[in-house]
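Notes follow the structure.
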Amino acid sequence: MTGFTLHELQCFDAVVSGGSFQAAAERMHRSHPSVFAAVAKLEQQLGLSLLDRSGYRVRLTEAGRAFHRKARTLLREAEELSTHAQQLAMGEEAELRVVLGDLCPLPPVLALLSRFFAQCPQTRLHLQFEAVSGPWERLLEDEADLIVHRVPKSDVRMEWMDLGRVALVPVVAPGFLPFQPKTAITPRQMQAFTQCVLRDSARHPPEQGHFLVEGAPQCSAPDHLMKKELVLHGMAWGHLPRFMIEAELRDGRLRSIAGRHFPGVIEELVAARRRDRPHGPVASRLWGFLAGHAPVLRPVLGRVPRAKGG
């Protein structure tokens, strides 16, 4: 068996994806005979029948299915290698796209980004702010190079580094509730009161909501700053990041209702990027820079306070 070529593997993969030689030829901007010949040569060199051509649409044989799984891995790696070579040839990136999520403590993170990009004058920072599942969507749709937010850590498409933990606290303004807040307050008791929720900035948000009290009236906010103002002014209640409301909890402008039924939650703040994409020299340095400075973030992220009484 002699060595097969990358082009032959690409033709084979295009036929499998398109279901016919004609579809593969159109996808690859090649002639039908050239694609047919490339796949036939691949089969000849392997000594295997990869495709069943007896029907209207070509189908993989059993051997072809097993071979195709391995071929797809090799093709992905070849594509990544090609992209990486292009980035190396271009030198430092002209732009890096960073998305900060709604859980991100802005002062320390922006201070880090400012310090880093001051050392990279040839690379422009394109900064965006997204909420709820918006950061993941930007990253997974190749609209961001790096995000600072929480991520589903079981998603193998992303690699991440821990930056700290964010406490989300259920809070109300004094006088918002007609009864004394206590640890035994129940969702049923809160059904009569407007709950402020964060609007998901994703174009295709998941169905599930976060911390929602079923049957309660709702208002929405685009970010936690607006949500905080609504809660402070007694227009709604909701969960807010502890680092954002430390002063208000201390001086009594906000009161925690955290307890048995509303325990609050600790979210893990991370920096994340695509695992299956190559990263240019500036992006790689930024990743290392954040890893080296991650402890700077941890003291500001907070803990969940418990409601008093009850």
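Position 1 is the first residue of the sequence, and the numbers go up from there.
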>> Going by the rule salt bridge (Lys or Arg N to Asp or Glu O under 4.0 Å), which residues pair with R65 if we only count those two or more places apart in sequence or in a different chain?
In response: none
> Which residues pass the salt bridge (Lys or Arg N to Asp or Glu O under 4.0 Å) test with R72, sequence neighbours left out?
Replying inline: D13
> Which pair of non-hydrogen atoms, one from I245 and one from V169, has the smallest distance, and what is that distance?
Replying inline: CD1-CB, 4.3 Å
> How close do L51 and F12 get, heavy atom to heavy atom, and via which atoms?
Replying inline: CD2-CE1, 3.9 Å
>> Take a 6.0 Å sphere around CE of M161 and say whether it holds more than 12 heavy atoms from other residues, nucleotides or ligands.
In response: yes
Holding to side-chain contact (heavy atoms from CB on, under 4.5 Å), I want the full list of residues that pass it with [X], two or more places apart in sequence or in another chain.
X	answer
T123	E92, L96, F117, C120, V282
V58	V15, F21, R53
S114	none
E159	R273, R275, H279, W287

Counterpart residues, side-chain hydrogen bond (donor to acceptor under 3.5 Å, both in side chains), relative to [X] (two or more places apart):
X	answer
K41	none
R30	none
E137	none

> Could you give the distance from CG (L48) to CG (L42), rounded to the nearest 0.5 Å?
Replying inline: 8.5 Å
> What residues, two or more places apart in sequence or in another chain, satisfy ring pair (Phe, Tyr, Trp, His ring centres under 6.0 Å) together with F129?
Replying inline: none
Compile the donor-acceptor pairs under 3.5 Å between side chains in residues 212-230 and protein atoms, sequence neighbours left out, one pair per line.
{"residue": "S220", "atom": "OG", "partner": "R199", "partner atom": "NH1", "Å": "2.9"}
{"residue": "D223", "atom": "OD1", "partner": "L225", "partner atom": "N", "Å": "3.1"}
{"residue": "D223", "atom": "OD1", "partner": "M226", "partner atom": "N", "Å": "2.8"}
{"residue": "H224", "atom": "NE2", "partner": "D102", "partner atom": "OD1", "Å": "3.3"}
{"residue": "K227", "atom": "NZ", "partner": "H239", "partner atom": "O", "Å": "2.8"}
{"residue": "K228", "atom": "NZ", "partner": "M244", "partner atom": "O", "Å": "2.9"}
{"residue": "K228", "atom": "NZ", "partner": "E248", "partner atom": "OE2", "Å": "2.8"}

> Tracing side-chain links under 4.5 Å among I, L, V, M, F, W and Y, which residues wind up in one group with V132?
Replying inline: L198
